[in-house]
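To start, the structure under review is shown below, and the notes come after it.
The figures here come from the full heavy-atom set of this structure, side chains too, leaving out hydrogens, waters and symmetry mates.
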Amino acid sequence: MYTYPSSSLVRSATTASASNSSVVAIVALICAIVGSILVFVLFLRKDNESKYTGFVKWLYDYLQFNKLTIDIILRFTYLFLAIFITVASFGLISTSFLGFLLSLILGNLVLRVVYEFSMLVILIYRNVRELNEKTKK
């Protein structure tokens, strides 16, 4: 007959695994704090803005939030969800034609309005930034 390991061995292995995870989390926290301070102080200074070219310039702009990626993500998710709502609404034809029409029209309309408001915030940000740059000159 097979004997199973005692529960104390399982508990000690679980405790060791949990303590290793907490040590890794603490080390990661310390590395993140030190790394972010170093990058912020040494790389992201305002006087370094004109010094960089190529990939380093792109990275500098990315970390300074001069380039936004949220609009690309929003456009992709809008297309994905619009296609999903349209295709999924066709599954309602056999159940309810009215449900199909409501899902097809209202679903896409509500999705469009929500995403237009999201994009509006991004466009307002870009316009304000452009106005700030023009008034500094």
Practice prompt. Keeping the roles fixed (side chain from Arg112, backbone from Gly107), state whether a donor-acceptor pair exists under 3.5 Å.
Written response: no
Item to complete: Could you tell me the separation between the CG atom of Leu29 and the OG atom of Ser22, rounded to the nearest 0.5 Å?
Response: 12.0 Å
Item to complete: Drop me the distance from Asn132's CG to Asn127's CG, to the nearest 0.5 angstrom.
Response: 11.0 Å
Fill in: Distance in Å, Leu74 CG paired with Leu79 CG, rounded so as to fall on 0.5 Å steps
11.0 Å
Discussion item. Please find the pair of heavy atoms, one from Phe65 and one from Arg129, that lie closest to each other, and give the distance.
Written reply: O-NH1, 4.2 Å
Fill in: Reported CG-to-CH2 distance for the pair Asn66 and Trp58, which is rounded to 0.5 angstrom
12.5 Å
Worksheet item: Which of these passes side chain to side chain contact (heavy atoms under 4.5 Å, CB included) with Tyr78: Ile83, Ile73, Leu111?
Response: Leu111
Worksheet item: Is Ile105 reachable from Ile85 through a run of hydrophobic residues whose side-chain heavy atoms are each under 4.5 Å from the next?
Response: no
Fill in: Spacing of Ser103 atom OG and Asn108 atom CG [to the nearest 0.5 Å]
7.5 Å
Worksheet item: How would you list all residue pairs meeting salt bridge (charged side-chain N to carboxylate O under 4.0 Å, His left out) that involve residues 97-106, not counting sequence neighbours?
Response: none
Discussion item. Quick check on the hydrophobic clustering: are Ile33 and Val41 connected, directly or via other members, by side-chain heavy-atom contacts under 4.5 Å?
Written reply: yes
Discussion item. Between Leu104 and Leu81, is there shared hydrophobic-cluster membership here, with clusters defined by ILVMFWY side-chain heavy atoms closer than 4.5 Å?
Written reply: no
Worksheet item: Where do Asp61 and Tyr52 land on the side-chain contact (heavy atoms from CB on, under 4.5 Å) test, with the steps shown first?
Response: CA-CA 10 Å; Asp61 287 339; Tyr52 302 126; over 6 Å; no
Worksheet entry | Val39 reachable from Val56 in the ILVMFWY side-chain graph, under 4.5 Å edges | yes
Worksheet item: Quick one: does Phe40's side chain get under 4.5 Å of Leu63's, heavy atoms only?
Response: no
Discussion item. When you compare the side chain of Lys57 with that of Lys51, does any pair of heavy atoms fall below 4.5 Å?
Written reply: no
Item to complete: Check whether any side-chain heavy atom of Asn48 lies under 4.5 Å from a side-chain heavy atom of Phe43, and answer yes or no.
Response: no
Practice prompt. Fit a plane to each ring of Phe100 and Phe90, take the angle between them on a 0 to 90° scale, and name the class: parallel (under 30°), tilted (30 to 60°) or perpendicular (over 60°).
Written response: tilted
Discussion item. Membership question, hydrophobic clusters at under 4.5 Å side-chain separation (ILVMFWY): are Ile70 and Val114 in the same one?
Written reply: no
Worksheet item: Nearest 0.5 Å, what's the OG-CG distance between Ser36 and Leu44?
Response: 10.5 Å
Worksheet, complete the sentence: In terms of heavy-atom contacts, Met119 and Asp71 come closest through CE-CB, 3.8 Å
Worksheet item: Quick one: does Ser96's side chain have a donor or acceptor within less than 3.5 Å of a partner on Leu92's backbone?
Response: no
Item to complete: Using a strict cut-off of less than 4.0 Å between a Lys/Arg side-chain nitrogen and an Asp/Glu carboxylate oxygen, indicate whether Lys134 and Glu130 qualify as a salt bridge.
Response: yes
Worksheet entry | Minimum heavy-atom distance Thr77-Tyr115, with the two atoms named | OG1-OH, 3.1 Å
